[in-house]
Amino acid sequence: MGDQESRTAELARGLGEVRDRLRVACSAAGRSPDEVELLVVTKFFPAEDVVRLIDLGEREFGESREPEAGRKVAQVRAERSEPAVFDMIGRLQRNKAKTVAGWARCVHSLDSERLATALDTAAAAARDDGVRHDPLDVLIQVSLDGDTSRGGVAADDLDPLAQHVASADALRLRGLMCIAPLEGEPERWMHRAATVRAQFLRSHPDAEVLSAGMSGDLDVAVAYGSTCVRVGTAILGERPIVSP
Ligand SMILES: *Cc1c(COP(=O)(O)O)cnc(C)c1O
């Protein structure tokens, strides 16, 4: 087998394993696998890998850094016409809002009113330019341990931010995103995520998405109601180390 084929085989194997884990986790939780989207996180990996994953049937991808992401999306779209979608899952600075609004289906990492305003302006402009047709979906990132220095807002601050998003014409509030802190059991954090979400749904019943779970904790996340797992390493392998 050549390098091309062996990389495709490696990705197919990773995908198969993750799909199996999802099936088992859904079945244990009494949920249908259709309820949980698998977002394949391709950050740090080349456009060629995204193309291979499209050829293997995947359509939903997560990226975390500009301008790497925008360039990769453009390259993939030039090579494949399948309707693949790309979400922005990483921390986002306001000065990147414009480019992200050009390619993202959804931003998972919304954590301030100022970023919401920048994304709204950018999504409206992208719509006027014919670059996008739908509103930009957003998830509010909630900080499960209240340490917002690593992104996200404290649970108590969710409501004002949600109100702000609701008043932004070019944005559509879809739900919440969280990352389990490294300290402590994933079980504890996903339980916390489910509690915060239940509370949030009372005032925002349409915001049903819960983006939670990565390579290490997707099974626990599914048990606690995740509707979208973001999985990189378990499918693509270890990311190359990049110095800061
Ligand atoms: C990189 C990243 C992931 C994927 O993590 P893995 O452990 O490689 O599956 C998920 N979510 C976010 C926000 C990320 O930045």
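Note that this is a predicted model, so its numbers are computed, not measured. Position 1 is the first residue of the sequence; numbering continues from there. Keep in mind that the numbers below use all heavy atoms, side chains included, and drop hydrogens, waters and symmetry copies. Read the numbers this way: they start at 1 and go in the same order the structure lists the ligands and their atoms.
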Evaluate Ile179 for polar contact with ligand 1, using N/O atom pairs at a separation under 3.5 Å. no
Polar proximity ligand 1 side, Ser64 side, N/O cut 3.5 Å exclusive: no
So does Arg80 pair up with Asp55, basic N to acidic O under 4.0 Å? yes
Does this structure show an ion pair linking Glu68 with Lys72, if we count only N-O contacts that are shorter than 4.0 Å? yes
Nearest-neighbour protein heavy atom for atom 12 (C) of ligand 1, which is reported as residue plus atom name and distance: Ile89 CD1, 3.5 Å
With rounding to the nearest 0.5 Å, note down the distance linking CD in Gln141 to OG in Ser211. 9.0 Å
Ser109 to Gly90 - nearest heavy-atom pair and separation: OG-O, 2.6 Å
Of all heavy-atom pairs between Leu218 and Arg21, which one has the smallest distance, and what is that distance? CG-NH2, 3.5 Å
Going by the atom numbers of ligand 1, which of them fall below 4.0 Å from some non-hydrogen atom of [X]?
| X | answer |
| --- | --- |
| Ser215 | 6 (P), 7 (O), 8 (O), 9 (O) |
| Val231 | 9 (O) |
| Thr233 | 6 (P), 7 (O), 8 (O), 9 (O) |

Per atom 14 (C) of ligand 1, closest listed option by heavy atom (Met214, Arg230, Lys43): Lys43
Quick look: His108 vs ligand 1, heavy-atom contacts under 4.0 Å, and the answer is neither
According to a hydrophobic-cluster definition based on side-chain heavy atoms being under 4.5 Å apart (Ile, Leu, Val, Met, Phe, Trp, Tyr only), do Val138 and Ile179 belong together? no
